[in-house]
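Read through the structure below, which is laid out as structure tokens, and then see the notes.
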Amino acid sequence: MQMVRLDAGFRRRVGADLAVLQSRADALVRENAETIDTLAGRLVRMRVLSGDEVRRIVSVGNPGLVELSAAEVRDALSGKEMP
């Protein structure tokens, strides 16, 4: 944190990276709003969901993500190329 406070160039780079990440997060939320709303609504009603229930809900909106490992999902959501 001290570098961010003391180094203006570093602060600009961090700010630029955060802006890119925020834009990516905003796009993911927009693209997956229906799935997010479905999960949120189910959580409000049920309070707890099993992993199978979450996978079922997500598979409707993003069928490809259900078969991926956690690391592959992170890479897919971050925009990294998949092997």
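The chain is numbered in sequence order, starting from 1. Computed over heavy atoms, backbone and side chain alike; hydrogens, waters and symmetry mates excluded.
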query = Taking only residues at least two apart or on different chains, which pairs with a member in residues 35-50 satisfy salt bridge (Lys or Arg N to Asp or Glu O under 4.0 Å)?
reply = Arg42-Glu53
query = Going only through I, L, V, M, F, W and Y residues with side-chain contacts under 4.5 Å, is there a path from Ile57 to Leu43?
reply = yes
query = How about Val60 and Thr38: do any of their side-chain heavy atoms sit closer than 4.5 Å?
reply = no
ask   = Is Val54 linked to Met46 within one hydrophobic cluster, defined over Ile, Leu, Val, Met, Phe, Trp and Tyr using a side-chain heavy-atom separation of less than 4.5 Å?
value = yes
message = Applying side-chain contact (heavy atoms from CB on, under 4.5 Å), can you list everything that pairs with Asp17, at least two apart in sequence or on another chain?
response = none
remark   = Connected to Val29, directly or through other members, by ILVMFWY side-chain contacts below 4.5 Å are Ile36
key: For Val20, the rest of its hydrophobic cluster, which grows through side-chain links under 4.5 angstrom   = none
request  = Report the C-alpha separation of Val58 and Asn32 in whole Å, then their side-chain angles, then the decisive distance to 0.1 Å, and conclude whether the side chain to side chain contact (heavy atoms under 4.5 Å, CB included) test is met.
outcome  = CA-CA 9 Å; Val58 170; Asn32 296 288; over 6 Å; no
ask   = Among all residues two or more places apart in sequence or in another chain, which pass the side-chain contact (heavy atoms from CB on, under 4.5 Å) test with Ala27?
value = Arg30, Glu31
Give the table of side-chain donor-acceptor pairs shorter than 3.5 Å for residues 6-13, with sequence neighbours excluded, one pair per line with atom names and distance.
unit_1	atom_1	unit_2	atom_2	d
Asp7	OD1	Gly9	N	3.0
Asp7	OD1	Phe10	N	3.0
Arg11	NH1	Val4	O	2.6
Arg11	NH1	Arg5	O	2.9

